[in-house]
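What follows is a set of notes on a single structure, which appears directly below.
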Amino acid sequence: MARYNPKDIEPKWRAAWANADVFRTRNDDPRPKYYVLEMFPYPSGRIHMGHVRNYAMGDVVARYRRAQGHAVLHPMGWDAFGMPAENAAMERGVHPRGWTYENIAAMREQLKLLGLSIDWSREFATCDPAYYGQQQAWFLKLLDRGLVYRKEATVNWDPVDMTVLANEQVIDGRGWRSGAVVEKKKLTQWFLRITDYADDLIEGLSTLDRWPDKVRTMQENWIGRSTGLRFSFDFAGTPPAGFEDGLEVYTTRPDTLFGAAFVGIAPDHPLAEQLGAANPDVAAFVAECRRGGTSEAEIEGAEKLGHDTGLRVAHPFDPDKTLPVWIANFILMDYGTGAIFGCPAHDQRDLDFARKYGLPVLPVVLPTDAHPATFMVGADAYTGPGKIFNSGFLDGQGIEQAKAAAVAKIEEMGKGKGATVYRLRDWGVSRQRYWGCPIPVIHCAKCGVTPAPADQLPVVLPDDVSFDLPGNPLLRHPTWRFTTCPTCGGEAERETDTLDTFVDSSWYFARFANPDATDPIDKAAADHWLPVDQYIGGVEHAVLHLLYARFITRALKDEGMVSVAEPFAGLFTQGMVTHETYARQTGEWVEPSQIVLTAEGAARRAVMVDTGEPLIIGDIEKMSKSKKNVVAPEEIFEQYGVDAARLFVMSDSPPERDVQWTTGGVEGAGRFVQRVWAEFDSQTDAAPAPENAMRSEELRRATHKIIKAVTESVDQFKFNSGIARLYEFLNLLKTFPATDGSVSDARNEALSVLARLISPFTPHLAEECWVRMGGEGMVVDAPWPVFDPAMATDAELLLPVQVNGKRRGEIRVAPDADEAHVREKALADEGVSVHLAGLTVRKVIVVPGRIVNIVAN
RNA sequence: GGGGACCUGGCGGAAUUGGUAGACGCAGCGGACUUAAAAUCCGUUGGGCUUCGCAGCUCGUGUGGGUUCGACUCCCACGGUCCCCACCA
């Protein structure tokens, strides 16, 4: 009996799968399709434990569906454009292309170690011209349809790196890389009209019943639909130039219009800019507002700042009343109309502002339990329910009723309209970077913006670029951008902006259907495979990537390129891999491999392995290089085997939650691998057991129960529970010695089932066990075991009996025993009758197959 | 400020979705094997109490209340932890 040695056995089976080409998927496979996809990785150079967990989970699903008789599509690719490649170029003088493809090569080898059931023949990287060229092709179709446009927008500009930063790349007002104070700058940028699909993207969420509620809620909030009223205030007196039609505002509370104390406009509002041009005080105020940061602390503590323009507007419902127009720092230009009316009594921000500048606070919503004469608004605005008062024709109405009435009145007056407004903004996709998909348009002085002609696609990135200066190398390139206009033949320039990498990842799942297609998407193939049946990835993509992909899929559908609107029918968001952190007294982080743990419980201590220096045991955090709490997958594979690593990251926590990496845990998984092997390999040890016939029956039942349990746990993404049941089953199986003739049939069945049930989790071990027990072919091709409901049911049930909710006895009954019989038996039970002495039985509740509860007093 | 999730032994977690709380693993303790250690195997492990023992009683799922024959599970309030969004009118 030999110890199972993963280092020899695992590579052997990976080679066997590769030689037999078992994971190649054919598009004409007649079996029912199942598309499993894990979010494709960024080629950073090395895989980490998070990858191991993510791809292991996907592999469980893929192998399980395969065994269930599905034609499974399980591809892999690379989200290969992006900043790190350019950073490497700047820091180390390497070329982004070479750096990226080398990383891909390294990571591909590492991922292959995992033994994933991936069809590698479909692999591509988003930086392959063959991929991004197709992206350019559909981009131009969207441009043609008006879904792509250019506009001047205020962006975060990093003056050191000379590039636009996304909002999430601005940390406390500074560029995350350069540390430079970020400037607001107006630039002409490319946008995708995602807001055209805002309603549809919200509606679609309700069809995604296999998505986590959390993600659907986050997307709904992100889109942020609100309904209200858009209307204009007429100026009292001469309107400023360009505002002859008044000043348009948006509100969700038209019911509070009578409580209006002022009208506020954003510092970026055209009116503010116009006034600023004529008045240095206004210009100075606007400049001050722009300096404000957007960090949490700054918003929390930010003071409301305002500047009275001196202009006044007329109240639409009360011609005698006029309101001052203020420029206020808390009003955002890019939401609604960039202008509001302030109702201090019923909005906290307006109230803060009114108190500071001495504006009137008139309550117009009366809480149900308050009196009109005594109700006052103090430091807190009242935003609750109530009846409208102090409001002319709205008096006495409820809030919703008053909203409708106010909207109707404004519409009747021709001053505005009920409106739906979204928090979602159009998607700015311009990046002033080299390592991205070139936006395939040409700027001609005469003809304007012209799409690159189809025969010029792909517009390929030039190789000869330099990174010795900040900014966009495409802009500095001596020749690349100079071309001729496809329309007039005159001198013209290429667009030097590249696309946000989120565009690349918004359609890759469709390309996998046929990665060699001459069109962007092979429609027949995509219609066959899409939607992705199970998509798996981190919850950090809950909004951006998953929303963009839903949008692009819709846009491509409307272009006739795919038939589905929703790309991902099922979504699972898995948790991270975490690890305890260790630090020296100086605060310097220490790697787990450098430490040794002593004692246990409260006395637990960590010390440096070589010096014995005592260390601080820190929080359990996501594995990260900066905290040095990283465990390298390859070292774990080396020490415990790939199967043990796969098993552990799925066994110790529910998949959606974080899993804490522990040495003890992976050792336990390794132990399980050994014990499974020992069970298959020990056919001749041990002595016969007594009660053979009964025990065979018992083993059979256990076997069918484990089939049911593991099948359900995989179906429901409860891998940890399924694995726990497999441990339990192995513990039971060990009590059935191998040489006992009377249990051998049952035992053989049990082993055959076990090998197949573990194969999604520990595929290499499963193959070796399958061979050892004489299985036909490879277990990867074996069908999933089918459980027999009759066999999975016990012949006799052990039913707990409670008296007044407390367990007092147990009875044995047949599963189909009728209630009267169960009742009789329960009352007759010795332990029960003791507790019934002196009491009158009032009620007996029999829950079939579960429990009996006797109510007595 | 808005939205959401979570809280169970020393630790990670399980509980057939309202029916025997603590499966399974880790760590611990006791034992076997060994000259010894590691590895492995066997036993044991929520707290308290009664008992020589078999066994039994009792408390127990963040806190307080409620619904129910019965609550980790449902409802209300409070506390704590975490995540997402955020001067979004």
Side-chain angles (χ1 to χ4, degrees), chain A residues 3 212-215 217-222 224 226 228-229 249-253 256 264 266 292 294 296 298-300 302-304 328-332 334-343 346-350 352-353 383 421-425 539-540 542-543 597 600-602 604 620 647-648 651-654 656-660 662-669 671-672 674-675 678 708-709 712 718 720-731 734 798-810 831 834 842-845 847-856:
Chain A
R3 193 178 157 79
D213 289 343
K214 176 173 61 174
V215 175
T217 307
M218 280 164 71
Q219 291 212 353
E220 197 174 336
N221 292 343
W222 183 269
S226 77
L229 171 66
V249 300
Y250 173 73
T251 180
T252 56
R253 293 297 303 271
T256 64
T294 51
E296 187 181 336
E298 280 165 315
I299 289 167
E300 207 71 48
E303 206 178 346
K304 300 280 180 289
N329 65 340
F330 64 93
I331 299 167
L332 306 174
D334 51 4
Y335 183 77
T337 62
I340 62 157
F341 76 80
C343 176
H346 305 293
D347 182 285
Q348 193 59 45
R349 290 157 309 178
D350 297 347
D352 294 344
F353 190 77
T383 55
V421 164
Y422 303 89
R423 210 191 66 100
L424 184 71
R425 316 281 154 77
V539 74
E540 66 272 20
V543 176
L597 291 166
E600 288 305 326
R604 207 155 157 271
I620 294 155
L647 189 65
F648 174 65
S651 69
D652 227 37
S653 281
E656 69 278 13
R657 264 197 252 173
D658 292 351
V659 64
Q660 189 193 340
T662 61
T663 306
V666 73
E667 280 169 357
R671 217 150 28 224
F672 177 76
Q674 293 296 337
R675 295 202 305 147
K708 185 166 190 278
E712 285 174 0
K718 292 177 162 185
N720 56 324
S721 296
I723 292 166
R725 297 299 297 270
L726 286 167
Y727 274 81
E728 202 175 17
F729 183 66
L730 181 68
N731 289 342
K734 283 164 71 73
L798 208 55
L799 227 51
V801 182
Q802 300 181 327
V803 176
N804 292 330
K806 294 202 162 111
R807 187 183 162 283
R808 299 300 181 188
E810 268 179 353
V834 168
R842 300 291 173 193
K843 204 169 167 189
V844 179
I845 292 136
V847 185
R850 283 261 172 272
I851 203 166
V852 181
N853 191 13
I854 300 165
V855 185

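Because the structure is predicted, anything quoted here is derived from the model rather than measured. Naming: A, B, ... by sequence-line order, numbering from 1 per chain.
- Checking Asn221(A) against Arg423(A) by side-chain atom types alone, no donor-acceptor pair falls below 3.5 Å.
- Stacking of Lys304(A) on the aromatic ring of Phe330(A) is recorded, both the 6.0 Å distance cut-off and the 45° axial limit being met.
- Residue side chain Lys718(A) reaches the base of rU17(B) through a donor-acceptor N/O pair under 3.5 Å, judged by distance alone.
- Across the protein-nucleic acid pair, Lys304(A) atom NZ and rG1(B) atom C1' stand 10 Å apart, rounded to whole Å.
- Heavy-atom nearest nucleotides on RNA chain B were determined for Ala266(A) and for Ile845(A), and the one closer to the 5' end corresponds to Ile845(A).
- Side-chain N/O atoms of Tyr250(A) and Ser226(A) include a donor and acceptor closer than 3.5 Å.
- Residue side chain Lys214(A) does not reach the base of rC84(B) through any donor-acceptor N/O pair under 3.5 Å, judged by distance alone.
- Distance Gln802(A) CD to rC57(B) P: 13 Å, rounded to the nearest Å.
- The pair Glu667(A)-Arg671(A) does not count as a salt bridge, with every side-chain nitrogen at least 4.0 angstrom from each carboxylate oxygen.
- rU45(B) takes the anti form, because its glycosidic angle lies more than 90° either side of 0.
- Atom CZ of Arg808(A) has more than 12 neighbouring heavy atoms from other residues, nucleotides or ligands inside a 6.0 Å radius.
- Put simply, the side chain of Arg671(A) and the base of rU40(B) share no donor and acceptor less than 3.5 Å apart.
- Applying the 3.5 Å distance criterion, the base of rC41(B) shares no donor-acceptor pair with the side chain of Arg675(A).
- Across the C1' atoms, rG62(B) and rC69(B) are found 27 Å apart, a figure rounded to whole Å.
- Whole-Å rounding puts the Tyr727(A) OH to rA23(B) P distance at 16 Å.
- Between the P atom of rG60(B) and the CZ atom of Arg807(A) lies a distance of 18 Å, rounded to the nearest Å.
- Look at CG on Asn720(A): it is 9 Å from P on rG13(B), rounded to the nearest Å.
- Rounding to whole angstrom units, CZ of residue Phe729(A) and P of rA14(B) are separated by 22 Å.
- Atom CD of Glu728(A) is separated from atom C1' of rA15(B) by 12 Å (rounded to the nearest Å).
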